[in-house]
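Chain letters run A, B, ... following the sequence lines, proteins first and then strands; every chain starts at 1.
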Amino acid sequence: MKKIKSCEETIHQYIPEEINLDSPKQLGEFLFEELKLPYKGRKTATGQYKTDSKALHKVYDEHVIVPLLIERRGAVKLKSTYVDGLQKEIQSDGRIHTTYLQNFVNTGRLSSRQPNLQNIPIRTEEGRQFRKLFVPQEGWTLIAADYSQIELRVMAHLAQVKNLIQAFKDDRDIHTETAIKMFNVEAVSSEQRRQAKIINFSMIYGASPYGLADNLKVDVETAKIFMKVYFDLYPEIQDYMKAKEEEGQKYGFVETLFGRKCFIPLENERDAKFSARVSVNAPVQGTAADMMRLAMIRVDDFFRKENLKTKMLLQIHDEIILETPPEEKDFVVQSLRKIMESVYALNIPLKVDIGVGKNWDEAH
DNA sequence: ATCATCACG
DNA sequence: ACGTACGTGATGATA
């Protein structure tokens, strides 16, 4: 990674070599005390200046090195975690084998470690290149099958949200649909869709007007208005949130659609509001996790019954990655969609997007 | 061992 | 008065 070196050359014209750029403490003190960049916002829990990406973007134009520090951070992350980190994990069979913990996450999701293969980069073009390194065995094809908007569908089902259910039945773009109705327009701008998307996700997490304001980068009053309009559009979500908050508080757990209990942290950690958010989110995340587990079992049963060589390789919460030999490809793709979409009948259709390719990036 | 940061759904 | 989204794991620095 030449990028790291070239960033550092310029950075060190302004920051002495003795400062460790990997030390947030040293970097923060130099930026905000020596260079006297204006510091806005809160410090960390231990009283240090924050130097994370968000904090650096606040002073982006204050000094030529700031953009370079951000760029260097990104490159260092990719190198340490994904270039060097994953290289160490290659086994003698030429593959990387993760460990899935099946009974660790409260909501019922799997967790992946040593190494974590559920956080391979995708959001930046540069990071995404790593996905090209994940390939099937010689001559085979990689398949990626992911549930489209599964958590929002589950929420619409659990809360029986009339307008959401209809939109999913009509196979509409759900964020655009939300924006059309919230902003009362016929054509939605990309900014309006982006905002609607953030609001939809925020609801799954049980966000407060404050959290929403922070995310949308609007003031709290505006966020409150957004929430009111949202709840007018999807009133059942508000009722659902209230019901789950009370349930979690009363029993100490909430349940997924299949009756699996998710325990709510009541005493200790953080505050009552945190418990309330978990009570709202856990049935949604947990039901989606249950459905994915069930789907994986059905897929495995199917492969055995049909004597197929196709193998499941990875699960990333709402997605599975498989490798398939050429003679099985079409049959598997067609069958996968059927199995996954019919795994459990909600009041809403399930939608599965499937891609194929010679590597993980292409299959997406 | 904990913190700060950042990668993912 | 305060702080503010859910669920994770890996890394390097620091204590």
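Residue pairs meeting the ring pair (Phe, Tyr, Trp, His ring centres under 6.0 Å) criterion with at least one partner in residues 333-358 of chain A, sequence neighbours excluded, are A:Phe258-A:Tyr344. For residues 134-148 of chain A, every residue pair satisfying the side chain to side chain donor-acceptor pair (under 3.5 Å) rule, not counting sequence neighbours, is listed here: A:Gln137-A:Glu323. The ring pair (Phe, Tyr, Trp, His ring centres under 6.0 Å) contacts involving residues 187-211 of chain A comprise A:His175-A:Phe201, where partners must be two or more places apart or lie in separate chains.
The base of B:dG9 is paired with the side chain of A:Arg109 by a donor and an acceptor separated by under 3.5 Å. For A:Arg123 against B:dG9, a side-chain-to-base donor-acceptor contact under 3.5 Å is present. Looking at A:Asn215, its side chain comes within 3.5 Å of the base of C:dA5 through a donor and an acceptor atom.
Taking every heavy atom of residues 12-22 of chain A and every atom of DNA chain C, pairs under 4.0 Å involve A:Asn20, A:Asp22, by number. Scanning residues 79-86 of chain A for heavy-atom distances under 4.0 Å to DNA chain C yields A:Ser80, A:Thr81, A:Gly85.
Atom CD of A:Gln238 is separated from atom CE of A:Met227 by 8.0 Å, given to the nearest 0.5 angstrom.
Between A:Asp232 and A:Lys228, at least one side-chain nitrogen of the basic residue sits less than 4.0 Å from a carboxylate oxygen of the acidic one, meeting the salt-bridge criterion. Salt-bridge check for A:Glu151 with A:Arg109: passed, with a basic side-chain N closer than 4.0 Å to an acidic carboxylate O.
Within the 4.0 angstrom heavy-atom criterion, only backbone atoms of the sugar-phosphate kind lie near A:Val278; the bases stay farther away.
Between A:Arg42 and C:dT4 there is a side-chain polar atom (N or O) within less than 4.0 angstrom of OP1 or OP2.
A:Asp301 pairs by the side chain to side chain contact (heavy atoms under 4.5 Å, CB included) definition with A:Ile297, not counting sequence neighbours. Under the side chain to side chain contact (heavy atoms under 4.5 Å, CB included) criterion, A:Leu86 pairs with A:Tyr82, A:Ile96, A:Pro115, A:Leu117, A:Ile120, A:Phe134, not counting sequence neighbours. Every side chain to side chain contact (heavy atoms under 4.5 Å, CB included) that A:Gln315 has, sequence neighbours left out, goes to A:Tyr100, A:Leu110, A:Gln118, A:Met292, A:Met296, A:His317, A:Ile320. Listed by chain and residue number, A:Phe183 satisfy the ring-ring contact (aromatic ring centres under 6.0 Å, His included) test with A:Phe226 (two or more places apart in sequence, or in another chain).
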Could you run down nucleotides 1-6 of chain B 5' to 3' and tag each one B, S or - for protein heavy-atom contact under 4.0 Å?
--SSSB
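Using a 4.5 Å heavy-atom cutoff, the side chains of A:Tyr234 and A:Met203 are not in contact.
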Parsed dot-bracket for DNA chain C after applying the Watson-Crick and G-U rules with both distances under 3.5 Å and | for other-strand partners is .....|||||||||.
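Other residues sharing the hydrophobic cluster of A:Tyr39, ordered by chain and number and joined by side-chain separations under 4.5 Å: A:Ile11, A:Tyr14, A:Ile15, A:Ile19, A:Leu21, A:Leu27, A:Phe30, A:Leu31, A:Phe32, A:Leu35, A:Leu37, A:Tyr49, A:Leu56, A:Val59, A:Tyr60, A:Val64, A:Ile65, A:Val66, A:Leu68, A:Leu69, A:Ile70.
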